[in-house]
Amino acid sequence: MKAIIRCLPFLALLLLLVGCQSKESEGNEKVQLFLDWTPNTNHTGIYVAKEKGYFEEEGLDVEIMLPGEVSTEQIIGSGKGQFGISFQSQVTQARSENIPIVSVAAIIQNDTSGYYTPKSKGIKTPKDFEGRVYGAYGSELEKASLQAIMDKEGGDASKINMVQVGNTDYFIAMERDIDFVSIFYAWTGIEGEIRGADMNFIQSADYAPELDTYSPLIITSDEMIEKNPETVQAFINAVFKGYEFAINNPEEAADILIAAEPDLNPELVKRSQEWLSPRYKEGAEAWGIQEASRWENYANFMIKNQIIEGVDIQKAFNNEFITNAMK
Amino acid sequence: MKIKSLWKPALALLIAIALWELATKLFQIEVWLLPAPSTIAQEMVIVFPAFLPHMLATIKLVLVGFSSAIVLGIIVATLLHIFPTAREIVMPFLIISQNIPTIVLAPLFMIWFGLGDFPKYLIIAMTAFFPITIATLDGFGQTNRDLMHYMQMMGATKKQTFFKLQLPDAVPSIFSGIKIAATYSVMTAVVAEWLGAQKGIGVFMTLSASSYRTSRVFVAIVVTIILSLAFFGLFLALEKWFTRWKRNEGAQ
């Protein structure tokens, strides 16, 4: 009897947990979206769709998940999650390893990444990278990408000293041994502006057009498209509306993201959103559309640099859901 | 542990590997999810030339970091033993030092000390020196009281008592601390590298994981295990050699 009484609190807790889980759904289909990184303005449209009830209108109950150190591509590929945020480079590499994921919408049309370096280091063009220390994030792609942007001026990427910096704060790392790092301007670049750091930014796509990838983008799995195309369509319809809203109302969209993720620096979110909103669908017919040629060019770049052996690139992306959402 | 008693775990391991191999074939598990042991073995052969520099970098890291931990651990324990007040003051901080997760500490160390090898030595030394210090202190506390009295009666100085009695008596304890620390020092090195390095098993792991080569991640895991075992074995052998007088004593 005593044992039962002792267990009661645990039993109550268990029931409570079970209760909480079943309460939320209310008939809506539960799906999980795995982010690529901590929440940022790349994800605004998704937060808008969630907070403004666009997902609910489509009959979805979306839970936004942080992947931590696990790769989103493998979570989605193995069916442990339905949707995820990834990058063209990751999707291409994953597809070449037979991970069944598909990009169903490009979040930003043009790649905003590039190399970031304090002005005092005297690095002005990619040629100046030679003999310097690069703070790598840890991908086989980095060397090839560096070589690609150095090619224009005949630079040699093998003369770069690559050091993996992991989770170290980039700005602090660059005050010490690191000379330059790779960043996304919309977030770290704006952060630098706010900190008043005196920096040079060398945009990759300016030097190597093949590096102009869709990054980030939204992925799902082959199996989802095959077995639950309605769910995928519903999801894309909602985020399509969400990003359209973020494009047209940067301020309000930023406030939604700040309210949903109060740990973010509000000033960074606001200024980043202002910078990013006009860029989401820049130069494209509609938000989310992907061009086959961009996928082919990048796959060829990866094959040429022996990062992958080969890939059936047509399976890596799908415009069907965006085209339907446009209607 | 005797060689004879090793056949049981070895057999269990073989059976587990066979089942794993069978399961991957039977359920057609994708390579990127869980590679078969045979795939991992093949990958190991293919990737070994590229992997070797990473492995050597890790071994160097562990050797330097761990030997500093041993020296540091024994010195700190000795000081704390000689000065009981210091022991009372320092002990809580030693325990606190073990409660900070490496994944948080490593980036901080890299900020403070740069991205060279030093912060990584520090991380390995910091995690490894704690069990060594504690075990050594324990060892000093368990000196044979009768022999202690004899030494004092014969008029031995504190220094003589320490070096001729307390320290030799503590050797088995020191080694049990070292063995505990040795089992996870390779792992600590890998985690430290993972958080910032140029070369090493940790770097190889990140690169492989980021390109979804799960079989290479397993190669790194297998090598980490082998290195850890080799390290443990090394100290086991050293312990036997250092405590051989004890066994001789028993035989007499």
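Every chain is numbered from 1, with letters handed out A, B, ... down the list of sequences. Only this structure's heavy atoms are used, side chains among them; waters, hydrogens and symmetry mates stay out.
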Asker: Under a 4.5 Å heavy-atom cutoff, which of A:G135, A:G77, A:S89 has the most pairs with chain B?
Answerer: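 Answer, by heavy-atom pair count under 4.5 Å with chain B: A:G77.
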Asker: With a 4.5 angstrom heavy-atom cut-off, is it the side chain or the backbone of A:S139 that approaches chain B, or both, or neither?
Answerer: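 It is both, since atoms from each part get that close.
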Asker: Answer with side chain, backbone, both or neither: which region of A:N98 has an atom nearer than 4.5 Å to a non-hydrogen atom of chain B?
Answerer: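 Both parts, backbone and side chain.
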Asker: Select one option (side chain, backbone, both, neither) describing which atoms of A:Q90 are under 4.5 Å from chain B's heavy atoms.
Answerer: both
Asker: Please check if the number of heavy atoms outside A:Q147 that lie under 6.0 Å from its CD is greater than 12.
Answerer: yes
Asker: So what's closer than 4.5 Å to chain B heavy atoms on A:I307: side chain, backbone, both or neither?
Answerer: backbone
Asker: As a test of understanding, state which of A:F129, A:F201, A:F184 forms a ring pair (Phe, Tyr, Trp, His ring centres under 6.0 Å) with A:Y115.
Answerer: A:F129
Asker: Is it true that B:K199 and B:D117 have a side-chain N and a carboxylate O under 4.0 angstrom from each other?
Answerer: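 No salt bridge links B:K199 with B:D117.
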Asker: Go through the atoms of B:T214 and report whether side chain, backbone, both or neither lie under 4.5 Å from a heavy atom of chain A.
Answerer: side chain
Asker: Heavy-atom cut-off 4.5 Å, strictly under: side chain, backbone, both or neither for B:F113 against chain A?
Answerer: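 It is the backbone, since no side chain atom gets that close.
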Asker: Does B:F235 form a ring-ring contact (aromatic ring centres under 6.0 Å, His included) with B:F66? I'd like the steps, not just the answer.
Answerer: CA-CA 12 Å; B:F235 286 101; B:F66 197 66; 5.2 Å; yes
Asker: Quick one: what part of A:I99 sits under 4.5 Å from any heavy atom of chain B, side chain, backbone, both or neither?
Answerer: both
Asker: Quick one, A:Y170 with A:F180, criterion ring-ring contact (aromatic ring centres under 6.0 Å, His included). Give me CA distance, side-chain angles, the key distance, then yes/no.
Answerer: CA-CA 9 Å; A:Y170 277 174; A:F180 65 108; over 10 Å; no
Asker: Would a line drawn from the ring center of A:Y298 to the ring center of A:F301 be shorter than 6.0 Å?
Answerer: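 A:Y298 vs A:F301: aromatic centres under 6.0 Å.
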Asker: Shorter than 4.5 Å, heavy atoms on both sides: which option in A:N161, A:I178, A:V133, A:I308 has the most such pairs with chain B?
Answerer: A:N161
Asker: Does NZ in A:K121 sit with more than 12 non-hydrogen atoms of other residues, nucleotides or ligands closer than 6.0 Å?
Answerer: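 Check passes, neighbour count above 12.
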Asker: Thinking salt bridges, do A:K143 and A:E140 make one under a 4.0 Å N-O criterion?
Answerer: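 No, this pair does not count.
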Asker: Please determine whether a side-chain nitrogen of the Lys or Arg among A:E97 and B:R213 lies less than 4.0 Å from a carboxylate oxygen of the Asp or Glu.
Answerer: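 Salt bridge: yes.
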Asker: Are there residues of residues 23-46 of chain B whose heavy atoms fall under 4.5 Å of chain A's heavy atoms? If so, which?
Answerer: B:E30, B:W32, B:L33
Asker: If you apply the rule ring-ring contact (aromatic ring centres under 6.0 Å, His included), what do you find for B:W20 with B:F218, and how did you get there?
Answerer: CA-CA 13 Å; B:W20 174 0; B:F218 272 95; 5.7 Å; yes
